[in-house]
Amino acid sequence: DTGVSQDPRHKITKRGQNVTFRCDPISEHNRLYWYRQTLGQGPEFLTYFQNEAQLEKSRLLSDRFSAERPKGSFSTLEIQRTEQGDSAMYLCASSFQGDSNQPQHFGDGTRLSIL
Amino acid sequence: KNQVEQSPQSLIILEGKNCTLQCNYTVSPFSNLRWYKQDTGRGPVSLTIMTFSENTKSNGRYTATLDADTKQSSLHITASQLSDSASYICVAGTGGFKTIFGAGTRLFVKA
């Protein structure tokens, strides 16, 4: 099954440390999304790439957060100087641009815990 | 303000019973309505997608309905199974890549 892959699945770190997550989308998908999900809530949009271009960023994405998608394939999400409020599940999704009515395919997320 | 509201927040049913989950959305422009199933610790998985011109769509024991006039959708689960225990998330598409997620309904199916 060549679905969306995220790494690591779990990350525990101390407050103030930097963390980086990776997402490998479905290979033919040119759209890639990052979401954050806290317990009991639906995913909240963070940012969106079309190919290698980052076209939209939520105001939730403070300047401590940065995302990249070099070469339009995999993507990384980095959080600098982590805070306890950053503890959440970070989900990546991908989709094909051709039809906006196509579903987003989600990875199983990276669960971040800040000590 | 674009938003999606789901009810109930949680639901407990016995195995084999049917149930219906509700979703009200206020988004503009509106392009499609999606239902996802999310198992604990996993990413959401798409169940159905309906455009504004579709009234109903089925996926096995899951049937979604859409009333674009009242901006309401429902997800009906028939003959529930223990594996149906999950969160069900309603998502409204606003055009292009933008989507608005509801908080989900947590379904517990008991033996």
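Here is the naming used below: chain letters follow the sequence lines, and residue numbers restart at 1 for every chain. These numbers come from a predicted model, not from an experiment.
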Going by atom types alone, do Ser58(B) and Thr63(B) pair a side-chain donor with an acceptor below 3.5 Å? yes
Answer with side chain, backbone, both or neither: which region of Gln6(B) has an atom nearer than 4.5 Å to a non-hydrogen atom of chain A? neither
Under 4.5 Å to a heavy atom of chain A? For Arg106(B) that would be neither
So what's closer than 4.5 Å to chain B heavy atoms on Gln37(A): side chain, backbone, both or neither? side chain
Relative to each other, are the rings of Phe45(A) and Tyr35(A) parallel, tilted or perpendicular (30° and 60° limits)? perpendicular
Taking the inter-plane angle between the rings of His105(A) and His29(A) on a 0 to 90° scale, is it parallel (under 30°), tilted (30 to 60°) or perpendicular (over 60°)? tilted
Does Lys98(B), at its NZ atom, have more than 12 non-hydrogen atoms belonging to other residues, nucleotides or ligands within less than 6.0 Å? no
Assert top hit (heavy-atom pairs under 4.5 Å, partner chain B, pool Arg9(A), Met89(A), Gln104(A)) equals Gln104(A)
Is chain A contacted by the side chain of Thr99(B), its backbone, both, or neither, given a heavy-atom distance below 4.5 Å? side chain
Between Tyr90(A) and Phe65(A), how do the two ring planes meet: parallel, tilted or perpendicular, split at 30° and 60°? tilted
Which answer fits Arg111(A), side chain, backbone, both or neither, if we ask what part of it has an atom under 4.5 Å from a heavy atom of chain B? neither
